[in-house]
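All remarks here apply to the structure that follows.
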Amino acid sequence: MVVLSQTALDHYSSMKTCRPANGLFTGIPVIDLKDPEAKTRIVEACQEFGFFKLVNHGVPFEFMTRLEYLAMNFFNLPQSEKDKAGPPDPFGYGNKRIGPNGDVGWIEYLLLNTNPQVNCNKTLSIFQEYPQNFRSAVEDYILEVKRMTYEVLELMADGLGIEPRNVLSKLVSDEKSDSCFRLNYYPPCPELQALSGRNLIGFGEHTDPQIISVLRSNNTTGLQICLRDGTWVSVPPDQTSFFINIGDALQVMTNGRFRSVKHRVLADDMKSRISMIYFGGPPLSEKIAPFPSLLAEGEEGLYEQFTWYEYKSSAYKSRLADYRLGLFEKKMQAILANI
Ligand SMILES: C=C1C[C@]23C[C@@]1(O)CC[C@H]2[C@@]12CC[C@H](O)[C@@](C)(C(=O)O1)[C@H]2[C@@H]3C(=O)O
Ligand SMILES: O=C(O)CCC(=O)C(=O)O
Ligand SMILES: [Fe+2]
């Protein structure tokens with residue numbers, strides 16, 4: 001069993017920017033994909049929270065449970081087997097280290113590219129060595145989730161009144177779209193029991209850089225989002241639903257109307273958490289800028305124009321909790337110009 005030293009605990013312990021809240025939050029917007037009012041509800045949720053729960057989404061539950069089962073089998077393999085698929089570059093198997101800049105969490109994960117044009121040998125090899133059906137479960141799941149994500153993005157465009165209605169969905173459905181997929185496993189940490197009241201960070205606070213993130217987890221709590229007023233609230237888990245996150249790129253495209261939500265995961269003392277997240281990103285060459293039709297007369301764009309490649313490169317130089325969009329805000333550019 002892994003024993004946590006005081007220093008290690010401090011390292012993994014909860015930080016800093018938002019205030020904690022107790023209990024499960026009951027105010028997460030729930031959107032029914034088949035509701036005729038869905039587009040309006042989605043826009044409201046993205047403006048207020050940058051986050052919502054999606055029900056009646058049409059993705060068969062078996063696709064989720066099959067992948068969950070096979071992913072759990074993978075994470076239960078001997079360490080030496082899992083290490084064959086790592087270290088992440090950023091794709092591949094990772095253990096405790098998140099990203100290239102010193103972030104750590106109580107987590108193991110597999111990060112995969114969903115673009116068939118990018119073959120990552122390391123991750124493909126785990127699929128060759130380990131049960132054939134793991135690869136097909138990942139592919140089947142992603143196919144279903146993509147289809148649903150396009151529908152959500154079309155409703156968003158409709159709700160925002162931007163045309164054509166596929167203006168957002170085509171960015172992530174493009175064959176060059178830079179999307180990725182992540183399986184996260186948070187082992188239980190029994191030692192937490194003796195340390196009542198302390199948090200153990202599974203995945204530290206951050207916003208997702210892409211356009212949209214689509215998350216499904218087992219029935220274990222742990223995911224928290226930061227509300228507008230700066231309080232952390234716990235998202236009640238629901239293994240049958242998806243949770244949708246707005247990413248930084250969509251915050252920019254809506255000129256700040258949609259919030260890229262800050263979130264994190266806390267580990268549990270008893271239960272393991274497993275989550276699967278599809279991150280929908282645009283092609284690397286795509287220019288990320290506010291949609292002109294969303295700017296009111298005389299309203300200025302809040303951000304300098306940049307490509308997704310530029311943003312991603314900058315994100316990979318940052319720490320998890322950094323405010324990555326800051327560098328691209330016009331006011332920051334003006335300050336930098338005067339230095
Ligand atoms: C610390 C980091 C991990 C991350 C790349 C980064 O430098 C900053 C953004 C992180 C993040 C958060 C959302 C996704 O999980 C992720 C895959 C992404 O696109 O940005 C991770 C990156 C990662 O784990 O490689
Ligand atoms: O594992 C989770 O529930 C969320 C993880 C997350 O936010 C991420 O991988 O970007
Ligand atoms: Fe995230």
Side-chain angles (χ1 to χ4, degrees), residues 28 50-51 53 64 68 71 75 86-115 118 120 123 172 177-187 200-226 232 234-239 241-251 259-268 271-282 284 308-309 311-327:
I28 305 282
F51 188 85
K53 170 166 141 172
M64 308 173 177
E68 180 182 326
F75 290 114
D89 66 354
F91 302 115
Y93 167 76
N95 184 4
K96 298 200 177 63
R97 294 177 207 285
I98 302 173
N101 304 313
D103 287 288
V104 287
W106 193 253
I107 186 176
E108 291 179 46
Y109 60 88
L110 264 177
L111 186 57
L112 308 170
N113 197 302
T114 64
N115 184 344
V118 182
C120 175
T123 47
V172 300
S177 116
D178 180 40
S179 299
C180 58
F181 182 65
R182 178 167 206 140
L183 288 163
N184 288 335
Y185 171 65
Y186 303 90
L200 179 66
I201 293 290
F203 205 116
E205 64 179 73
H206 67 284
T207 60
D208 294 345
Q210 292 82 359
I211 293 176
I212 190 169
S213 313
V214 179
L215 179 149
R216 186 265 169 189
S217 76
N218 65 352
N219 256 345
T220 304
T221 52
L223 179 64
Q224 298 193 320
I225 61 167
C226 187
W232 281 114
S234 292
V235 176
D238 179 351
Q239 59 179 353
S241 303
F242 289 98
F243 291 93
I244 311 284
N245 264 6
I246 296 306
D248 298 341
L250 195 49
Q251 175 166 319
R259 282 184 71 207
S260 163
V261 64
K262 197 188 287 176
H263 55 287
R264 67 179 182 183
V265 177
L266 302 182
D268 195 83
K271 290 178 77 186
S272 58
R273 173 180 169 89
I274 191 149
S275 59
M276 36 194 89
I277 308 127
Y278 164 69
F279 300 93
L284 290 172
W308 171 242
Y309 174 81
Y311 193 62
K312 217 178 115 166
S313 310
S314 146
Y316 269 95
K317 291 186 191 117
S318 68
R319 297 289 299 262
L320 209 45
D322 287 347
Y323 174 53
R324 282 173 275 284
L325 278 178
L327 278 177

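Order of listing sets the numbers, starting from 1, for every ligand and every atom in it. Quick caveat, the model's predicted, so the values are computed rather than measured.
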Measure from the side-chain N and O atoms of [X] to the backbone N and O of [Y], and report whether any donor-acceptor pair falls under 3.5 Å.
X	Y	answer
Arg273	Thr220	yes
Asn101	Ser318	yes
Asp322	Lys317	no
Asn245	Ser260	no
Asp178	Gly281	no
Asp208	Gly247	no

Problem set entry | Location of contacts on Asn245 toward ligand 2, heavy atoms closer than 4.0 Å |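 Asn245 to ligand 2: no contact under 4.0 Å from either part.
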Identify, by atom number and element, the atoms of ligand 2 in contact range of [X], meaning under 4.0 Å from any of its heavy atoms.
X	value
His263	7 (O)
Tyr186	1 (O), 2 (C), 4 (C), 5 (C)
Asn184	1 (O), 2 (C), 5 (C), 9 (O)
Ser275	1 (O), 2 (C), 3 (O)
Asp208	10 (O)
Arg273	2 (C), 3 (O)
Val265	1 (O), 2 (C), 3 (O), 4 (C)
Leu215	2 (C), 3 (O), 4 (C)

Quick one: look up the protein heavy atom nearest [atom] and list residue, atom name and how far away it is.
atom	value
atom 10 (C) of ligand 1	Leu320 CD1, 3.8 Å
atom 22 (C) of ligand 1	Tyr316 OH, 3.4 Å
atom 17 (C) of ligand 1	Arg182 NH1, 3.4 Å
atom 19 (O) of ligand 1	Gln210 NE2, 2.8 Å
atom 6 (C) of ligand 1	Ala315 O, 3.8 Å

Problem set entry | Audit row: Leu183, Ile274, side-chain contact (heavy atoms from CB on, under 4.5 Å) steps and yes/no | CA-CA 7 Å; Leu183 288 163; Ile274 191 149; 5.6 Å; no
For this session: Pull out every atom of ligand 1 sitting under 4.0 Å from any heavy atom of Leu111, numbered as shown with elements.
Result: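 Close to Leu111: 17 (C), 25 (O).
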Problem set entry | Subset of ligand 1 atoms that lie under 4.0 Å from at least one heavy atom of Asp103 |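 The list of qualifying atoms is 1 (C).
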Winner among [options] once heavy atoms are compared against [atom]:
atom	options	answer
atom 13 (C) of ligand 1	Asp208, Ile107, Ile98	Asp208
atom 10 (O) of ligand 2	Arg264, His206, Met276, Arg182	His206
atom 3 (C) of ligand 1	Gly281, Gly99, Pro209, Ser314	Gly99
atom 9 (C) of ligand 1	Arg324, His206, Arg319	Arg324

Exercise. Pro90 and Pro88: which non-hydrogen atoms are nearest, and at how many Å?
Worked result: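 For Pro90 and Pro88, the tightest heavy-atom pair comes out as O-CB, 3.1 Å.
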For this session: Identify the heavy atoms of Gly202 and Ile98 that sit nearest to each other, and give their distance.
Result: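 Here Gly202 and Ile98 meet closest at O-CD1, 4.1 Å.
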Exercise. Does Lys312 have a non-hydrogen atom less than 4.0 Å from ligand 1?
Worked result: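 Contact check Lys312 vs ligand 1: negative.
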For this session: Can you establish whether the number of heavy atoms outside Arg97 located under 6.0 Å from its atom CZ is more than 12?
Result: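 Check fails, neighbour count at 12 or below.
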For this session: Run the numbers on Phe279 and Ser179 for side-chain contact (heavy atoms from CB on, under 4.5 Å), then give the verdict.
Result: CA-CA 5 Å; Phe279 300 93; Ser179 299; 5.9 Å; no
Exercise. Among Glu205, Gln224, His206, which one satisfies side chain to side chain contact (heavy atoms under 4.5 Å, CB included) with Lys262?
Worked result: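 Output: one option passes, namely Glu205.
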Exercise. Passes side-chain contact (heavy atoms from CB on, under 4.5 Å), Lys96 versus Trp106? Steps please.
Worked result: CA-CA 6 Å; Lys96 298 200 177 63; Trp106 193 253; 3.9 Å; yes
For this session: Would you mind reporting whether Ser275 and Phe203 have side-chain heavy atoms less than 4.5 Å apart?
Result: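 The answer is no; the side chains never approach within 4.5 Å.
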Exercise. What N, O or S atom of Asp208 is found closest to the Fe ion (ligand 3)?
Worked result: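 Minimum-distance N/O/S atom of Asp208 relative to the Fe ion (ligand 3) is OD1.
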For this session: Using only N, O or S atoms, tell me which atom of His206 is closest to the Fe ion (ligand 3).
Result: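 That would be atom NE2.
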For this session: May I ask whether Phe279 has any heavy atom positioned less than 4.0 angstrom from an atom of ligand 2?
Result: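 Yes.
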